[in-house]
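Let me begin by presenting the structure, written as C-alpha coordinates, before commenting on it.
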Amino acid sequence: MAGAPERQFLFNRASRDARSEETLLSALTRGRFPVVQRSIRYHRPRGPVCGVGYCTGCLVRVNGRPNVRACRYLPSEGDVVTTENSWPSPRFDVLGLLDFLFPGGIDTLHGFRRPAWAVRSYHRVVRRLAGYGTVPDLGASASLRQAPVRRTVDVAIVGGGAAGTAVAQLLVQAGRHPLVLDRQLVPPSIAGVDVAARTTVTFLPPPTGEGDGRFALLGFEEPARGVEIHARHVVVATGGYDASLLFGGNDRPGVVTADGAFGLLDRDGRPPFERAVVVGGGPRADRVLERVGDAVVAVVAPGGIDPSVVRRASEQQIPLYPRSLVVSASGRSRVRSLALRARGSGARFTIPCDAVVLAHRRLPTPQLFFQVGARMEWRAGTGAYYPVLSDNAETTVPGVFAVGATAGILPEGFTESCTRVTGTIAGSPTNHAPELPRGSQGGPSELEGYYRELWREPRTGRWIACPCEDVLLDEVEDAARRGYRGIEVVKRYTGLGTGLCQGRYCLPDALLILSLLEERPPPEVGYITQRPPVVPTPLAAFAAMEDPAAAPGGS
Ligand code: FES
(Lines give C-alpha, C1' and ligand atoms only; values in the text may rest on other atoms or scores of the structure.)
Protein backbone atom coordinates (compact mmCIF):
# COMPACT_ATOMS: atom_id res chain seq x y z
CA MET A 1 0.00 0.00 0.00
CA ALA A 2 3.01 2.31 0.44
CA GLY A 3 2.83 5.27 -1.88
CA ALA A 4 -0.84 4.75 -2.71
CA PRO A 5 -2.77 7.99 -3.22
CA GLU A 6 -4.19 9.57 -0.05
CA ARG A 7 -7.78 10.63 0.39
CA GLN A 8 -8.83 13.41 2.72
CA PHE A 9 -11.94 13.18 4.87
CA LEU A 10 -13.32 14.95 7.92
CA PHE A 11 -13.68 13.16 11.25
CA ASN A 12 -15.52 15.23 13.85
CA ARG A 13 -14.50 18.27 11.79
CA ALA A 14 -10.78 17.44 11.86
CA SER A 15 -9.03 16.60 8.62
CA ARG A 16 -7.78 13.02 8.28
CA ASP A 17 -6.30 11.00 5.48
CA ALA A 18 -6.53 7.44 4.28
CA ARG A 19 -4.62 5.49 1.72
CA SER A 20 -6.15 3.45 -1.02
CA GLU A 21 -7.65 0.20 0.34
CA GLU A 22 -7.26 1.43 3.94
CA THR A 23 -10.42 1.09 6.03
CA LEU A 24 -11.91 4.00 7.90
CA LEU A 25 -11.11 2.21 11.18
CA SER A 26 -7.46 1.84 10.30
CA ALA A 27 -7.32 5.46 9.18
CA LEU A 28 -8.84 6.57 12.50
CA THR A 29 -6.37 4.52 14.52
CA ARG A 30 -2.92 5.95 13.74
CA GLY A 31 -1.30 4.54 16.87
CA ARG A 32 -4.15 5.51 19.22
CA PHE A 33 -6.85 3.03 20.16
CA PRO A 34 -10.05 4.45 18.63
CA VAL A 35 -13.11 4.85 20.84
CA VAL A 36 -15.99 5.93 18.61
CA GLN A 37 -19.01 4.41 20.34
CA ARG A 38 -20.70 4.19 23.72
CA SER A 39 -22.84 1.37 25.03
CA ILE A 40 -26.57 1.86 24.66
CA ARG A 41 -27.77 1.32 28.24
CA TYR A 42 -24.79 2.13 30.43
CA HIS A 43 -23.18 4.76 28.23
CA ARG A 44 -19.79 3.15 28.69
CA PRO A 45 -17.12 3.98 26.14
CA ARG A 46 -16.84 1.19 23.59
CA GLY A 47 -14.07 0.35 21.21
CA PRO A 48 -13.93 -1.86 18.13
CA VAL A 49 -13.85 -5.54 19.02
CA CYS A 50 -14.05 -7.79 15.98
CA GLY A 51 -12.51 -5.96 13.02
CA VAL A 52 -14.64 -7.97 10.61
CA GLY A 53 -17.99 -6.17 10.62
CA TYR A 54 -19.95 -8.11 13.22
CA CYS A 55 -19.84 -6.11 16.49
CA THR A 56 -21.14 -2.61 17.28
CA GLY A 57 -17.90 -1.04 18.47
CA CYS A 58 -16.99 0.95 15.37
CA LEU A 59 -20.30 2.45 14.24
CA VAL A 60 -20.02 6.00 12.94
CA ARG A 61 -22.09 8.36 10.84
CA VAL A 62 -20.82 8.89 7.30
CA ASN A 63 -22.22 11.60 5.05
CA GLY A 64 -25.45 11.67 7.02
CA ARG A 65 -25.85 7.88 7.07
CA PRO A 66 -25.96 6.36 10.57
CA ASN A 67 -24.31 3.18 11.86
CA VAL A 68 -21.70 2.67 9.18
CA ARG A 69 -19.12 0.15 10.34
CA ALA A 70 -15.75 1.87 10.19
CA CYS A 71 -13.96 -1.47 9.77
CA ARG A 72 -16.06 -2.17 6.64
CA TYR A 73 -15.80 1.20 4.99
CA LEU A 74 -13.16 2.59 2.64
CA PRO A 75 -13.24 6.37 2.95
CA SER A 76 -13.76 8.51 -0.14
CA GLU A 77 -12.37 11.94 -0.79
CA GLY A 78 -14.44 14.56 1.06
CA ASP A 79 -16.37 12.17 3.33
CA VAL A 80 -17.81 13.71 6.47
CA VAL A 81 -17.55 11.27 9.38
CA THR A 82 -18.85 11.89 12.89
CA THR A 83 -19.28 9.88 16.07
CA GLU A 84 -22.89 9.34 17.10
CA ASN A 85 -25.00 8.85 20.23
CA SER A 86 -22.69 10.59 22.66
CA TRP A 87 -22.00 14.10 23.89
CA PRO A 88 -19.43 15.56 24.11
CA SER A 89 -17.51 12.41 23.13
CA PRO A 90 -17.77 8.61 23.32
CA ARG A 91 -14.97 8.55 25.92
CA PHE A 92 -17.11 10.71 28.17
CA ASP A 93 -20.83 10.87 27.51
CA VAL A 94 -22.80 13.10 29.91
CA LEU A 95 -25.65 10.60 29.90
CA GLY A 96 -23.21 8.30 31.66
CA LEU A 97 -24.08 10.28 34.81
CA LEU A 98 -27.33 8.31 34.81
CA ASP A 99 -25.17 5.32 35.62
CA PHE A 100 -24.48 6.81 39.03
CA LEU A 101 -28.15 7.60 39.62
CA PHE A 102 -29.31 4.14 38.50
CA PRO A 103 -26.47 1.76 39.41
CA GLY A 104 -28.65 -1.20 38.49
CA GLY A 105 -29.28 0.33 35.05
CA ILE A 106 -32.50 1.70 33.64
CA ASP A 107 -34.68 -1.27 32.77
CA THR A 108 -35.84 -0.24 29.32
CA LEU A 109 -37.15 -3.71 28.54
CA HIS A 110 -39.53 -4.33 31.41
CA GLY A 111 -40.08 -0.86 32.85
CA PHE A 112 -41.84 2.14 31.33
CA ARG A 113 -45.12 0.30 30.82
CA ARG A 114 -47.49 2.06 33.23
CA PRO A 115 -49.58 4.14 33.14
CA ALA A 116 -50.50 3.11 29.63
CA TRP A 117 -51.28 6.66 28.49
CA ALA A 118 -47.69 7.72 29.16
CA VAL A 119 -46.04 4.88 27.24
CA ARG A 120 -45.56 6.90 24.04
CA SER A 121 -43.76 9.62 25.95
CA TYR A 122 -41.64 7.05 27.75
CA HIS A 123 -40.63 5.57 24.43
CA ARG A 124 -39.43 8.91 23.19
CA VAL A 125 -37.27 9.36 26.28
CA VAL A 126 -35.96 5.80 26.23
CA ARG A 127 -35.02 6.04 22.57
CA ARG A 128 -33.07 9.19 23.35
CA LEU A 129 -31.27 7.50 26.23
CA ALA A 130 -30.40 4.42 24.26
CA GLY A 131 -30.60 3.94 20.52
CA TYR A 132 -28.23 3.59 17.63
CA GLY A 133 -27.76 6.89 15.88
CA THR A 134 -30.52 8.97 14.38
CA VAL A 135 -32.33 8.59 11.08
CA PRO A 136 -30.34 9.35 7.92
CA ASP A 137 -30.12 12.88 6.58
CA LEU A 138 -32.59 13.63 3.85
CA GLY A 139 -31.24 12.21 0.60
CA ALA A 140 -28.43 10.20 2.24
CA SER A 141 -30.18 6.91 1.51
CA ALA A 142 -31.54 7.90 -1.87
CA SER A 143 -28.02 8.62 -3.07
CA LEU A 144 -27.09 5.02 -2.32
CA ARG A 145 -29.82 3.52 -4.43
CA GLN A 146 -28.38 1.34 -7.16
CA ALA A 147 -29.84 -1.09 -9.66
CA PRO A 148 -29.94 -4.56 -8.11
CA VAL A 149 -27.85 -7.53 -9.24
CA ARG A 150 -29.82 -10.62 -10.32
CA ARG A 151 -27.93 -13.72 -11.41
CA THR A 152 -28.84 -17.31 -12.20
CA VAL A 153 -25.87 -19.66 -11.89
CA ASP A 154 -25.07 -23.33 -11.60
CA VAL A 155 -22.86 -23.06 -8.48
CA ALA A 156 -22.70 -20.24 -5.94
CA ILE A 157 -19.82 -20.36 -3.46
CA VAL A 158 -20.46 -18.24 -0.38
CA GLY A 159 -17.09 -17.12 0.96
CA GLY A 160 -13.88 -16.39 -0.92
CA GLY A 161 -11.35 -17.47 1.69
CA ALA A 162 -8.98 -20.42 1.32
CA ALA A 163 -11.73 -23.08 1.16
CA GLY A 164 -14.04 -21.14 -1.17
CA THR A 165 -11.15 -20.32 -3.47
CA ALA A 166 -9.97 -23.95 -3.55
CA VAL A 167 -13.43 -25.22 -4.53
CA ALA A 168 -13.79 -22.48 -7.15
CA GLN A 169 -10.45 -23.40 -8.74
CA LEU A 170 -11.29 -27.10 -8.80
CA LEU A 171 -14.67 -26.37 -10.38
CA VAL A 172 -13.03 -24.29 -13.10
CA GLN A 173 -10.69 -27.20 -13.81
CA ALA A 174 -13.78 -29.41 -14.09
CA GLY A 175 -15.23 -27.04 -16.70
CA ARG A 176 -17.74 -25.26 -14.43
CA HIS A 177 -18.27 -21.52 -13.98
CA PRO A 178 -19.00 -20.86 -10.31
CA LEU A 179 -19.88 -17.49 -8.84
CA VAL A 180 -18.08 -16.59 -5.62
CA LEU A 181 -19.92 -14.28 -3.21
CA ASP A 182 -17.47 -12.72 -0.81
CA ARG A 183 -17.77 -10.23 2.07
CA GLN A 184 -14.26 -8.86 1.82
CA LEU A 185 -13.83 -5.24 0.79
CA VAL A 186 -10.96 -6.20 -1.46
CA PRO A 187 -12.04 -9.38 -3.25
CA PRO A 188 -9.78 -12.33 -3.97
CA SER A 189 -8.71 -12.67 -7.56
CA ILE A 190 -9.40 -16.21 -8.80
CA ALA A 191 -8.47 -16.99 -12.39
CA GLY A 192 -11.52 -17.75 -14.49
CA VAL A 193 -13.98 -17.13 -11.65
CA ASP A 194 -16.55 -14.39 -11.27
CA VAL A 195 -16.29 -12.84 -7.80
CA ALA A 196 -19.01 -10.63 -6.30
CA ALA A 197 -17.20 -8.62 -3.63
CA ARG A 198 -18.59 -6.86 -0.53
CA THR A 199 -21.57 -9.17 -0.80
CA THR A 200 -23.43 -10.83 2.06
CA VAL A 201 -26.30 -13.21 1.37
CA THR A 202 -29.01 -15.02 3.21
CA PHE A 203 -30.96 -18.09 2.14
CA LEU A 204 -34.54 -17.76 1.21
CA PRO A 205 -36.52 -20.97 1.89
CA PRO A 206 -35.03 -23.98 0.04
CA PRO A 207 -36.65 -25.21 -3.21
CA THR A 208 -39.80 -27.25 -2.69
CA GLY A 209 -39.71 -29.32 -5.86
CA GLU A 210 -41.74 -26.83 -7.82
CA GLY A 211 -40.02 -24.35 -10.13
CA ASP A 212 -36.49 -24.87 -11.41
CA GLY A 213 -35.15 -26.44 -8.19
CA ARG A 214 -32.67 -23.65 -7.58
CA PHE A 215 -31.82 -22.12 -4.23
CA ALA A 216 -32.52 -18.44 -3.82
CA LEU A 217 -29.98 -16.28 -2.05
CA LEU A 218 -30.93 -12.74 -1.21
CA GLY A 219 -28.50 -10.16 0.08
CA PHE A 220 -26.74 -6.96 -0.63
CA GLU A 221 -23.50 -5.59 -1.92
CA GLU A 222 -22.13 -2.82 0.26
CA PRO A 223 -23.04 -0.05 0.51
CA ALA A 224 -26.58 -0.67 -0.70
CA ARG A 225 -27.04 -2.70 -3.87
CA GLY A 226 -29.60 -5.48 -3.62
CA VAL A 227 -28.40 -8.92 -4.74
CA GLU A 228 -30.55 -11.90 -5.75
CA ILE A 229 -28.82 -15.12 -6.81
CA HIS A 230 -30.46 -18.34 -7.96
CA ALA A 231 -28.15 -21.37 -7.87
CA ARG A 232 -28.54 -25.11 -8.35
CA HIS A 233 -25.69 -25.86 -5.92
CA VAL A 234 -24.51 -23.75 -3.00
CA VAL A 235 -21.13 -24.28 -1.35
CA VAL A 236 -20.94 -22.60 2.05
CA ALA A 237 -17.38 -21.58 2.86
CA THR A 238 -18.04 -18.76 5.29
CA GLY A 239 -15.10 -19.61 7.57
CA GLY A 240 -14.88 -18.81 11.23
CA TYR A 241 -14.44 -15.92 13.62
CA ASP A 242 -12.76 -15.33 16.97
CA ALA A 243 -15.07 -15.76 19.95
CA SER A 244 -15.44 -13.30 22.81
CA LEU A 245 -15.04 -14.37 26.43
CA LEU A 246 -17.10 -13.71 29.54
CA PHE A 247 -15.37 -11.84 32.38
CA GLY A 248 -15.87 -8.65 34.38
CA GLY A 249 -15.35 -5.53 32.26
CA ASN A 250 -15.19 -7.65 29.11
CA ASP A 251 -16.55 -4.70 27.10
CA ARG A 252 -13.75 -2.27 28.00
CA PRO A 253 -12.11 -0.55 25.02
CA GLY A 254 -8.94 -2.47 24.31
CA VAL A 255 -10.54 -5.91 24.66
CA VAL A 256 -10.44 -7.14 21.07
CA THR A 257 -10.48 -10.42 19.21
CA ALA A 258 -7.47 -11.52 17.20
CA ASP A 259 -9.22 -10.42 14.02
CA GLY A 260 -10.00 -7.12 15.75
CA ALA A 261 -6.32 -6.60 16.59
CA PHE A 262 -5.36 -7.27 12.98
CA GLY A 263 -8.06 -4.87 11.76
CA LEU A 264 -6.57 -2.12 13.91
CA LEU A 265 -3.09 -2.32 12.47
CA ASP A 266 -2.20 0.96 10.89
CA ARG A 267 -0.91 1.33 7.36
CA ASP A 268 2.58 0.46 8.54
CA GLY A 269 1.38 -2.68 10.32
CA ARG A 270 1.67 -1.26 13.86
CA PRO A 271 -1.01 -2.03 16.47
CA PRO A 272 -2.49 0.72 18.69
CA PHE A 273 -1.20 -1.01 21.83
CA GLU A 274 2.15 -1.73 23.42
CA ARG A 275 1.35 -4.11 26.28
CA ALA A 276 -1.23 -6.63 25.19
CA VAL A 277 -2.20 -9.80 26.99
CA VAL A 278 -3.05 -12.57 24.53
CA VAL A 279 -5.71 -15.01 25.72
CA GLY A 280 -5.33 -18.41 24.06
CA GLY A 281 -2.79 -21.14 23.62
CA GLY A 282 -3.51 -22.50 20.14
CA PRO A 283 -2.93 -21.58 16.47
CA ARG A 284 -4.72 -18.24 16.74
CA ALA A 285 -2.53 -17.13 19.65
CA ASP A 286 0.47 -18.23 17.61
CA ARG A 287 -0.71 -16.05 14.73
CA VAL A 288 -1.08 -13.04 17.05
CA LEU A 289 2.45 -13.50 18.38
CA GLU A 290 3.72 -13.81 14.84
CA ARG A 291 2.13 -10.53 13.74
CA VAL A 292 2.27 -8.31 16.83
CA GLY A 293 4.51 -10.23 19.27
CA ASP A 294 6.57 -7.08 19.94
CA ALA A 295 3.53 -5.54 21.62
CA VAL A 296 2.60 -8.57 23.78
CA VAL A 297 3.50 -8.80 27.49
CA ALA A 298 1.91 -12.14 28.39
CA VAL A 299 0.10 -15.17 26.99
CA VAL A 300 -2.72 -16.45 29.18
CA ALA A 301 -4.51 -19.66 28.24
CA PRO A 302 -7.74 -21.08 29.68
CA GLY A 303 -6.24 -24.56 29.13
CA GLY A 304 -2.88 -25.83 27.91
CA ILE A 305 -0.53 -24.07 25.50
CA ASP A 306 0.60 -25.58 22.17
CA PRO A 307 4.34 -26.22 21.72
CA SER A 308 4.41 -23.80 18.75
CA VAL A 309 3.16 -20.98 20.99
CA VAL A 310 5.64 -21.93 23.73
CA ARG A 311 8.45 -21.82 21.19
CA ARG A 312 7.50 -18.47 19.72
CA ALA A 313 6.81 -16.90 23.12
CA SER A 314 10.14 -18.04 24.53
CA GLU A 315 11.92 -16.60 21.48
CA GLN A 316 10.24 -13.28 22.24
CA GLN A 317 10.70 -13.66 26.03
CA ILE A 318 6.97 -13.45 26.67
CA PRO A 319 5.81 -15.10 29.92
CA LEU A 320 3.17 -17.84 29.68
CA TYR A 321 0.28 -18.49 32.06
CA PRO A 322 -1.43 -21.76 31.13
CA ARG A 323 -4.65 -22.95 32.80
CA SER A 324 -5.72 -19.50 33.96
CA LEU A 325 -9.17 -18.11 34.60
CA VAL A 326 -9.70 -14.62 33.16
CA VAL A 327 -11.62 -12.87 35.93
CA SER A 328 -11.88 -9.16 35.15
CA ALA A 329 -10.47 -6.23 33.20
CA SER A 330 -10.12 -2.82 34.78
CA GLY A 331 -10.02 0.61 33.17
CA ARG A 332 -12.65 2.95 31.78
CA SER A 333 -12.01 4.28 28.32
CA ARG A 334 -9.09 1.87 27.96
CA VAL A 335 -8.30 -1.43 29.61
CA ARG A 336 -5.54 -0.99 32.19
CA SER A 337 -5.06 -4.43 33.70
CA LEU A 338 -6.32 -7.98 33.63
CA ALA A 339 -7.06 -9.95 36.82
CA LEU A 340 -6.57 -13.72 36.65
CA ARG A 341 -6.74 -16.80 38.82
CA ALA A 342 -4.60 -19.89 38.36
CA ARG A 343 -6.97 -22.83 37.89
CA GLY A 344 -4.76 -25.26 39.78
CA SER A 345 -3.48 -23.40 42.82
CA GLY A 346 -6.18 -20.73 42.96
CA ALA A 347 -3.47 -18.03 43.15
CA ARG A 348 -4.68 -14.62 42.03
CA PHE A 349 -2.58 -12.19 40.03
CA THR A 350 -2.96 -9.10 37.89
CA ILE A 351 -1.15 -8.16 34.69
CA PRO A 352 -0.94 -4.45 33.76
CA CYS A 353 -1.79 -4.08 30.07
CA ASP A 354 -3.31 -1.77 27.49
CA ALA A 355 -5.10 -4.43 25.42
CA VAL A 356 -6.50 -7.92 25.77
CA VAL A 357 -6.44 -9.95 22.55
CA LEU A 358 -8.89 -12.86 22.53
CA ALA A 359 -7.45 -15.71 20.50
CA HIS A 360 -8.67 -18.69 22.51
CA ARG A 361 -11.50 -20.08 20.39
CA ARG A 362 -12.44 -19.97 16.73
CA LEU A 363 -16.14 -20.39 15.99
CA PRO A 364 -17.88 -21.38 12.74
CA THR A 365 -20.48 -19.18 11.07
CA PRO A 366 -23.47 -21.54 10.88
CA GLN A 367 -26.22 -19.03 10.03
CA LEU A 368 -26.77 -20.16 6.43
CA PHE A 369 -27.16 -23.81 7.48
CA PHE A 370 -29.78 -22.94 10.07
CA GLN A 371 -31.62 -20.76 7.58
CA VAL A 372 -31.80 -23.40 4.89
CA GLY A 373 -32.99 -25.99 7.42
CA ALA A 374 -29.92 -28.26 7.41
CA ARG A 375 -29.59 -30.67 10.34
CA MET A 376 -27.01 -29.44 12.83
CA GLU A 377 -24.97 -31.15 15.52
CA TRP A 378 -23.29 -29.82 18.66
CA ARG A 379 -19.54 -30.31 18.98
CA ALA A 380 -18.45 -29.98 22.56
CA GLY A 381 -14.76 -29.40 21.73
CA THR A 382 -15.42 -25.94 20.33
CA GLY A 383 -18.84 -25.48 21.94
CA ALA A 384 -20.55 -24.78 18.63
CA TYR A 385 -23.01 -26.14 16.08
CA TYR A 386 -21.86 -27.58 12.76
CA PRO A 387 -23.85 -29.06 9.87
CA VAL A 388 -24.29 -32.82 9.71
CA LEU A 389 -22.35 -33.84 6.59
CA SER A 390 -22.23 -36.79 4.24
CA ASP A 391 -18.87 -38.25 3.18
CA ASN A 392 -18.97 -35.83 0.28
CA ALA A 393 -19.39 -32.80 2.57
CA GLU A 394 -23.01 -32.37 1.54
CA THR A 395 -25.45 -31.19 4.21
CA THR A 396 -28.80 -32.85 4.84
CA VAL A 397 -30.26 -30.40 2.31
CA PRO A 398 -29.26 -31.91 -1.07
CA GLY A 399 -27.31 -29.40 -3.14
CA VAL A 400 -25.91 -27.47 -0.16
CA PHE A 401 -22.29 -28.24 0.76
CA ALA A 402 -19.96 -27.11 3.52
CA VAL A 403 -16.19 -26.74 3.39
CA GLY A 404 -13.47 -25.26 5.57
CA ALA A 405 -13.76 -23.95 9.13
CA THR A 406 -17.52 -23.46 9.02
CA ALA A 407 -17.89 -27.20 8.34
CA GLY A 408 -15.62 -28.04 11.29
CA ILE A 409 -13.30 -29.99 8.99
CA LEU A 410 -9.80 -30.20 10.41
CA PRO A 411 -6.90 -28.82 8.33
CA GLU A 412 -5.71 -32.31 7.36
CA GLY A 413 -9.06 -32.95 5.64
CA PHE A 414 -9.27 -29.61 3.97
CA THR A 415 -8.06 -30.50 0.47
CA GLU A 416 -9.94 -33.78 0.46
CA SER A 417 -13.25 -32.10 1.36
CA CYS A 418 -12.86 -29.56 -1.46
CA THR A 419 -12.09 -32.37 -3.91
CA ARG A 420 -15.14 -34.37 -2.86
CA VAL A 421 -17.48 -31.38 -3.11
CA THR A 422 -16.20 -30.60 -6.58
CA GLY A 423 -16.51 -34.24 -7.65
CA THR A 424 -20.12 -34.42 -6.45
CA ILE A 425 -21.13 -31.20 -8.19
CA ALA A 426 -19.29 -32.10 -11.38
CA GLY A 427 -20.96 -35.52 -11.47
CA SER A 428 -18.10 -37.78 -10.34
CA PRO A 429 -18.68 -38.27 -6.59
CA THR A 430 -16.25 -40.26 -4.47
CA ASN A 431 -17.74 -43.57 -3.38
CA HIS A 432 -17.09 -45.26 -0.04
CA ALA A 433 -14.79 -42.44 0.99
CA PRO A 434 -13.42 -42.48 4.53
CA GLU A 435 -15.00 -40.03 6.93
CA LEU A 436 -13.67 -36.47 6.75
CA PRO A 437 -11.69 -35.54 9.90
CA ARG A 438 -13.70 -33.16 12.07
CA GLY A 439 -13.43 -31.63 15.56
CA SER A 440 -14.42 -33.47 18.74
CA GLN A 441 -18.06 -34.16 19.29
CA GLY A 442 -17.97 -35.93 22.67
CA GLY A 443 -19.25 -35.24 26.17
CA PRO A 444 -18.51 -32.39 28.60
CA SER A 445 -15.59 -30.43 27.25
CA GLU A 446 -12.72 -28.49 28.72
CA LEU A 447 -14.68 -25.41 27.75
CA GLU A 448 -17.61 -26.40 29.95
CA GLY A 449 -15.20 -27.07 32.81
CA TYR A 450 -13.75 -23.58 32.39
CA TYR A 451 -17.20 -21.99 32.63
CA ARG A 452 -18.11 -24.11 35.63
CA GLU A 453 -15.08 -22.69 37.47
CA LEU A 454 -15.79 -19.18 36.24
CA TRP A 455 -19.31 -19.43 37.57
CA ARG A 456 -18.01 -19.83 41.09
CA GLU A 457 -15.96 -16.62 40.88
CA PRO A 458 -17.18 -13.63 42.93
CA ARG A 459 -18.39 -11.07 40.38
CA THR A 460 -16.90 -7.59 40.44
CA GLY A 461 -17.78 -4.93 37.91
CA ARG A 462 -20.24 -5.46 35.11
CA TRP A 463 -20.14 -8.77 33.32
CA ILE A 464 -21.69 -8.02 29.96
CA ALA A 465 -23.41 -11.09 28.54
CA CYS A 466 -24.63 -9.29 25.39
CA PRO A 467 -22.53 -6.25 24.42
CA CYS A 468 -24.84 -5.04 21.62
CA GLU A 469 -27.84 -4.72 23.94
CA ASP A 470 -25.91 -4.24 27.22
CA VAL A 471 -27.52 -7.29 28.83
CA LEU A 472 -25.76 -8.26 32.05
CA LEU A 473 -24.91 -11.78 33.09
CA ASP A 474 -26.90 -11.05 36.27
CA GLU A 475 -30.01 -10.51 34.12
CA VAL A 476 -29.52 -13.86 32.38
CA GLU A 477 -29.18 -15.50 35.77
CA ASP A 478 -32.26 -13.69 37.04
CA ALA A 479 -34.27 -14.88 34.01
CA ALA A 480 -33.22 -18.48 34.69
CA ARG A 481 -34.20 -18.15 38.37
CA ARG A 482 -37.62 -16.89 37.36
CA GLY A 483 -38.13 -20.08 35.41
CA TYR A 484 -37.41 -18.95 31.86
CA ARG A 485 -35.80 -21.96 30.24
CA GLY A 486 -34.07 -22.32 26.88
CA ILE A 487 -32.08 -19.76 24.95
CA GLU A 488 -35.04 -18.62 22.82
CA VAL A 489 -37.17 -17.78 25.87
CA VAL A 490 -34.29 -16.12 27.73
CA LYS A 491 -33.58 -14.08 24.59
CA ARG A 492 -37.15 -12.79 24.53
CA TYR A 493 -37.10 -11.93 28.22
CA THR A 494 -33.68 -10.26 28.43
CA GLY A 495 -33.03 -9.01 24.89
CA LEU A 496 -29.82 -11.08 24.74
CA GLY A 497 -28.88 -11.90 21.15
CA THR A 498 -31.21 -9.35 19.59
CA GLY A 499 -28.59 -6.75 18.72
CA LEU A 500 -26.75 -5.94 15.55
CA CYS A 501 -24.31 -8.87 15.81
CA GLN A 502 -27.31 -11.24 15.82
CA GLY A 503 -25.91 -13.18 18.76
CA ARG A 504 -22.54 -14.00 17.24
CA TYR A 505 -20.70 -12.82 20.34
CA CYS A 506 -23.15 -13.56 23.14
CA LEU A 507 -24.85 -16.82 22.16
CA PRO A 508 -21.83 -19.15 22.39
CA ASP A 509 -21.14 -18.04 25.98
CA ALA A 510 -24.82 -17.82 26.88
CA LEU A 511 -25.38 -21.43 25.80
CA LEU A 512 -22.68 -22.63 28.19
CA ILE A 513 -23.94 -20.47 31.05
CA LEU A 514 -27.56 -21.51 30.58
CA SER A 515 -26.48 -25.11 30.41
CA LEU A 516 -24.99 -24.68 33.90
CA LEU A 517 -28.03 -22.82 35.24
CA GLU A 518 -30.51 -25.27 33.76
CA GLU A 519 -28.36 -28.31 34.55
CA ARG A 520 -28.72 -29.82 31.09
CA PRO A 521 -26.33 -30.16 28.14
CA PRO A 522 -25.87 -27.11 25.86
CA PRO A 523 -27.69 -28.67 22.86
CA GLU A 524 -30.82 -28.99 25.01
CA VAL A 525 -30.70 -25.27 25.74
CA GLY A 526 -31.42 -24.78 22.01
CA TYR A 527 -30.27 -22.19 19.55
CA ILE A 528 -31.50 -19.03 17.90
CA THR A 529 -31.85 -18.90 14.14
CA GLN A 530 -30.61 -15.55 12.98
CA ARG A 531 -33.37 -13.88 11.04
CA PRO A 532 -32.51 -12.49 7.61
CA PRO A 533 -30.93 -10.14 6.87
CA VAL A 534 -28.07 -11.35 9.06
CA VAL A 535 -26.16 -8.10 8.70
CA PRO A 536 -27.78 -4.66 8.86
CA THR A 537 -28.89 -3.82 5.33
CA PRO A 538 -29.96 -0.38 4.13
CA LEU A 539 -33.62 -0.45 3.18
CA ALA A 540 -32.55 1.30 -0.03
CA ALA A 541 -31.07 -2.03 -1.20
CA PHE A 542 -34.36 -3.88 -0.82
CA ALA A 543 -36.43 -0.95 -2.05
CA ALA A 544 -34.48 -0.92 -5.32
CA MET A 545 -35.22 -4.62 -5.82
CA GLU A 546 -38.92 -3.90 -5.84
CA ASP A 547 -38.56 -0.86 -8.03
CA PRO A 548 -39.73 -1.67 -11.58
CA ALA A 549 -37.68 1.30 -12.81
CA ALA A 550 -34.44 -0.21 -11.49
CA ALA A 551 -32.75 -2.01 -14.33
CA PRO A 552 -31.15 -5.32 -13.39
CA GLY A 553 -27.40 -5.08 -13.07
CA GLY A 554 -26.67 -8.69 -14.03
CA SER A 555 -27.98 -11.49 -16.13
S1 FES B 1 -17.93 -4.20 13.40
FE2 FES B 1 -16.16 -3.01 13.13
S3 FES B 1 -14.87 -3.65 14.75
FE4 FES B 1 -16.57 -4.94 14.95
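Predicted model only: the values in this text are computed from it and were never measured. Just so you know, ligand 1 is whichever comes first in the structure, and atom 1 is the first atom listed for that ligand.
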Short list, please: which atoms of ligand 1 are under 4.0 Å from a heavy atom of [X]?
X	value
Tyr54	1 (S)
Gly53	1 (S)
Arg69	1 (S)
Cys55	1 (S), 3 (S), 4 (Fe)
Pro48	3 (S)
Cys50	1 (S), 3 (S), 4 (Fe)

Task: Apex atom 2 (Fe) of ligand 1; atoms Cys58 SG and Cys71 SG; angle rounded to 10 degrees - done: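 Taking atom 2 (Fe) of ligand 1 as the apex, I get 110° for this pair.
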
Would you mind checking if [Y] and [X] are paired as a salt bridge, meaning a charged N to carboxylate O distance below 4.0 Å?
X	Y	value
Arg312	Asp286	yes
Asp266	Arg19	no
Arg46	Asp470	yes

- [ ] Validate the cation-pi geometry between Arg16 and Phe11: distance from NZ or CZ to the six-membered ring centre under 6.0 Å, angle to the ring axis within 45°.
- [x]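 Relative to the ring axis of Phe11, which defines the angle, Arg16 lies outside at least one limit.
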
Open item on the list: Here's a test for you: under salt bridge (charged side-chain N to carboxylate O under 4.0 Å, His left out), which of Arg65, Arg198, Arg72, Arg183 qualifies with Glu222?
Closed with: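 Result for salt bridge (charged side-chain N to carboxylate O under 4.0 Å, His left out) with Glu222: Arg72.
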
Open item on the list: Under 4.0 Å, counting heavy atoms only: does Gly57 come that close to any atom of ligand 1?
Closed with: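 It does not; every heavy atom stays at 4.0 Å or beyond.
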
Open item on the list: Quick check on the 6.0 Å ring-centre criterion: do Phe273 and Phe33 meet it?
Closed with: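 No, the ring of Phe273 stays outside the 6.0 Å limit from the ring of Phe33, centre to centre.
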
Task: Aromatic plane relationship, Tyr54 with Tyr505 - under 30° parallel, 30 to 60° tilted, over 60° perpendicular - done: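 Answer is tilted, since the angle falls between 30° and 60°.
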
Open item on the list: Tell me the protein heavy atom at minimum distance from atom 3 (S) of ligand 1, and give that distance in Å.
Closed with: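 So the nearest neighbour among protein heavy atoms is Gly51 N, 3.1 Å.
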
